[in-house]
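A short worksheet on the structure shown next.
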Amino acid sequence: MQVIHQPRVAWDAARVIGASIHDEELFRWLYRVLGDLLGPATWAALDETRDRVRWSGDERIPVETGVWRVRLEDSLRGRPDLADELAGIVATAGAVRPY
């Protein structure tokens, strides 16, 4: 039995989100699957993240990655059953485009 470490899953997923900001295909895929998994508010949050990076420049990506780490950890605390699916999303994204 594999143990899922939720903070690690959140960190890995946040890194994938940060890496996807300039990759339209990956971002659109994440937008869809994360929104389906976490709910419609995720779509707005992803749009806001992308807009902030576009306005502030790439130096904003580490900040946004940190914001997503916290957001995802909070989500996993409330719904630990999502950790497996989120880990699967991260694995799929990493297989397609290493982050």
Side-chain angles (χ1 to χ4, degrees):
M1 180 172 140
Q2 181 181 3
V3 175
I4 300 291
H5 184 61
Q6 292 175 356
R8 182 64 202 200
V9 170
W11 172 240
D12 289 345
R15 288 178 46 223
V16 168
I17 292 168
S20 76
I21 290 176
H22 294 304
D23 183 333
E24 186 65 30
E25 187 178 344
L26 180 57
F27 186 83
R28 286 290 129 212
W29 178 76
L30 283 172
Y31 189 88
R32 183 179 51 79
V33 297
L34 290 176
D36 290 347
L37 181 64
L38 301 171
T42 302
W43 294 324
L46 285 166
D47 285 334
E48 289 170 8
T49 290
R50 192 171 216 191
D51 289 345
R52 283 191 293 264
V53 169
R54 285 181 175 165
W55 294 328
S56 301
D58 286 350
E59 65 274 357
R60 179 77 192 181
I61 291 174
V63 174
E64 293 300 320
T65 299
V67 168
W68 275 100
R69 181 192 57 81
V70 171
R71 179 179 282 132
L72 293 168
E73 278 189 35
D74 287 346
S75 293
L76 292 176
R77 272 189 216 101
R79 295 200 45 211
D81 57 301
L82 298 178
D84 283 331
E85 284 188 69
L86 190 56
I89 291 168
V90 169
T92 300
V96 173
R97 290 198 174 73
Y99 52 96

Checklist entry - Hey, quick one: are Leu26 and Ile17 part of the same hydrophobic cluster, counting side-chain heavy atoms closer than 4.5 Å, chains of contacts allowed? => result yes
Item to check | Closest non-hydrogen atom pair, Arg77 against Pro80 | outcome: O-CD, 3.8 Å
Next on the checklist: Are Leu37 and Trp29 linked, directly or through intermediate hydrophobic residues, by side-chain heavy-atom contacts shorter than 4.5 Å (ILVMFWY only)?
Outcome noted: yes
Checklist entry - So, for Ala13 and Leu72, which heavy atoms are closest and what is the spacing to 0.1 Å? => result CB-CD1, 3.6 Å
Next on the checklist: Assess the residue pair Glu48 and Asp51 against the criterion (side chain to side chain contact (heavy atoms under 4.5 Å, CB included)); give the C-alpha distance rounded to whole Å, side-chain angles, the decisive distance to 0.1 Å, and a yes or no.
Outcome noted: CA-CA 5 Å; Glu48 289 170 8; Asp51 289 345; 5.7 Å; no
Checklist entry - Got a donor-acceptor contact below 3.5 angstrom from the Arg50 side chain to the Ile21 backbone? => result yes
Checklist entry - Between atom CD1 of Ile89 and atom CZ of Arg32, what is the distance when rounded to the nearest 0.5 Å? => result 9.5 Å
Next on the checklist: Would you say CD of Glu25 has more than 12 non-hydrogen atoms from neighbouring residues, nucleotides or ligands within 6.0 angstrom?
Outcome noted: no
Next on the checklist: Using side chain to side chain contact (heavy atoms under 4.5 Å, CB included), reason through Ile61 and His22 one step at a time and then give a plain yes or no.
Outcome noted: CA-CA 10 Å; Ile61 291 174; His22 294 304; 4.0 Å; yes
Item to check | Shared hydrophobic cluster, Phe27 / Leu38 (ILVMFWY, side-chain heavy atoms < 4.5 Å) | outcome: yes
Checklist outcome for this item: Taken to the nearest 0.5 Å, the spacing of Thr42 OG1 from Leu30 CG works out to 11.5 Å
Checklist entry - Who pairs with Asp47 by salt bridge (Lys or Arg N to Asp or Glu O under 4.0 Å), at least two apart in sequence or on another chain? => result none
Item to check | Exam field: side chain Trp43 to backbone Tyr31, donor-acceptor pair closer than 3.5 Å | outcome: yes
Item to check | Cation-pi check, Arg71 onto Trp68 ring (under 6.0 Å, within 45° of axis) | outcome: yes
Checklist entry - Are Leu76 and Val67 co-members of a hydrophobic cluster defined by side-chain heavy atoms under 4.5 Å apart? => result no
Item to check | Euclidean distance, Leu86 CG relative to Ser75 OG, rounded to 0.5 Å | outcome: 9.0 Å
Checklist entry - Taking only residues two or more places apart in sequence, or in another chain, which ones meet Asp81 in a salt bridge (Lys or Arg N to Asp or Glu O under 4.0 Å)? => result Arg79
Checklist entry - Would Leu34 and Leu82 show up in the same hydrophobic cluster when neighbours are defined by side-chain heavy atoms closer than 4.5 Å? => result yes
Checklist outcome for this item: On a heavy-atom basis, the closest approach of Ala10 and Glu73 is CB-CG, 3.4 Å
